[in-house]
Amino acid sequence: MFTSLARENMALTLSAAGAGLFAVAGIGWGLWVDSMVILFDGAYSLVSLGLSLLSLYAARLVRRPANADYPFGLGAVEPLVIAVKGLVIALVCVLSLASAVVSLWQGGRPVAADMAMLFGAVNVIGCLLVWGYLRWSSVRNSSGLVLAEQRQWLMDSALSAAVMVGFAGAWMLERSQWSSLAVYADPVMMMVISVYFMTVPVRMVTDSVKELLLAAPSDDAMNGIQETLEDLGLNPDRVKVAKLGPNLLLEARLVRI
């Protein structure tokens, strides 16, 4: 148990430290090359830092034992925090989309594509390293908070890859007969990325709200739960199951003999 908790703390701490580092790098580099997409990447990392710190605090609350005020413990904090994270990420995507539309309407913006490509390549490697560690940790720990962090870093890895590929295209466009169109690369990429990544926070919020409403666990989880109930001599059809954070809530109907 201690190893599992220590691994969760280590994963969340590493995520927070990585988010802080990438936030500083992204915002600084974005201002240097005047790129909305890189600034979005840095802003997203800055938001991730705040959300990672929130996850660290939530992990401590979830581990507190049940008491008279909270007879089932504070497991509900986990899906609540994940829902908040999803809403904040969605807000960042919406604001970035609005900024991209305004920039496109104003005639685009020139960007140092070669330096933007370099940033994208470095960021992809760094984000994938953090994501890989969080994935390794979540497989061994099955923490909802670590899984949410993993999704954030996967989103950031994909964003960085999109930046690298997009600016590689802009760099080639600058050297072609359509060089005048290169100024539209940055806002167009920002629009595509914002719309595409909106699905991630929507899924986070939807799953968390279902959990807070005590919805049944996923089919994969239910298969294992039903096998355990049968081993205990209970009829799974007479047991209601709900997942709330790291806890399983069961309500059994027992037949009188």
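Computed from a predicted model, the values in this text were never measured in an experiment.
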Report, one line per pair, each donor and acceptor closer than 3.5 Å where one atom sits in a side chain of residues 198-208; sequence neighbours left out.
from	atom 1	to	atom 2	distance (Å)
Thr199	OG1	Tyr196	O	3.0
Thr206	OG1	Val202	O	2.8
Ser208	OG	Pro79	O	3.3
Ser208	OG	Met204	O	2.8

Original post:
How far does CD1 of Ile82 sit from CG of Leu87, to the nearest 0.5 angstrom?
Top reply: 12.0 Å
Original post:
Is there a chain of hydrophobic side chains (I, L, V, M, F, W, Y, each step under 4.5 Å between heavy atoms) that links Val209 to Val81?
Top reply: no
**OP:** Please collect all side chain to side chain donor-acceptor pair (under 3.5 Å) contacts where either partner lies in residues 19-28, sequence neighbours excluded, each pair once.
**Re:** none
**OP:** Would you name the heavy atoms of Ser157 and Trp131 that are closest together and state the gap between them?
**Re:** OG-CB, 4.4 Å
Original post:
For Leu14, what residues pass the side chain to side chain contact (heavy atoms under 4.5 Å, CB included) criterion, not counting sequence neighbours?
Top reply: Tyr133
**OP:** For Ile27, check side chain to side chain contact (heavy atoms under 4.5 Å, CB included) against everything at least two apart and list the hits.
**Re:** Leu31, Leu39, Leu46
Original post:
By the rule that ILVMFWY residues connect when side-chain heavy atoms come within less than 4.5 angstrom, directly or transitively, which residues belong alongside Leu21?
Top reply: none
**OP:** Rounded to the nearest 0.5 Å, what's the gap from CD on Glu211 to CG on Leu213? Could you check?
**Re:** 10.5 Å
Original post:
Apart from Leu129 itself, what residues make up its hydrophobic cluster when side-chain heavy atoms of I, L, V, M, F, W and Y under 4.5 Å apart count as a link, directly or indirectly?
Top reply: Ile125
Original post:
Listed by chain and number, what are the ring pair (Phe, Tyr, Trp, His ring centres under 6.0 Å) partners of Trp29, not counting sequence neighbours?
Top reply: Trp32, Phe119
Original post:
In chain order, what residues pass the side chain to side chain contact (heavy atoms under 4.5 Å, CB included) check against Val84, with sequence neighbours excluded?
Top reply: Leu54, Val88
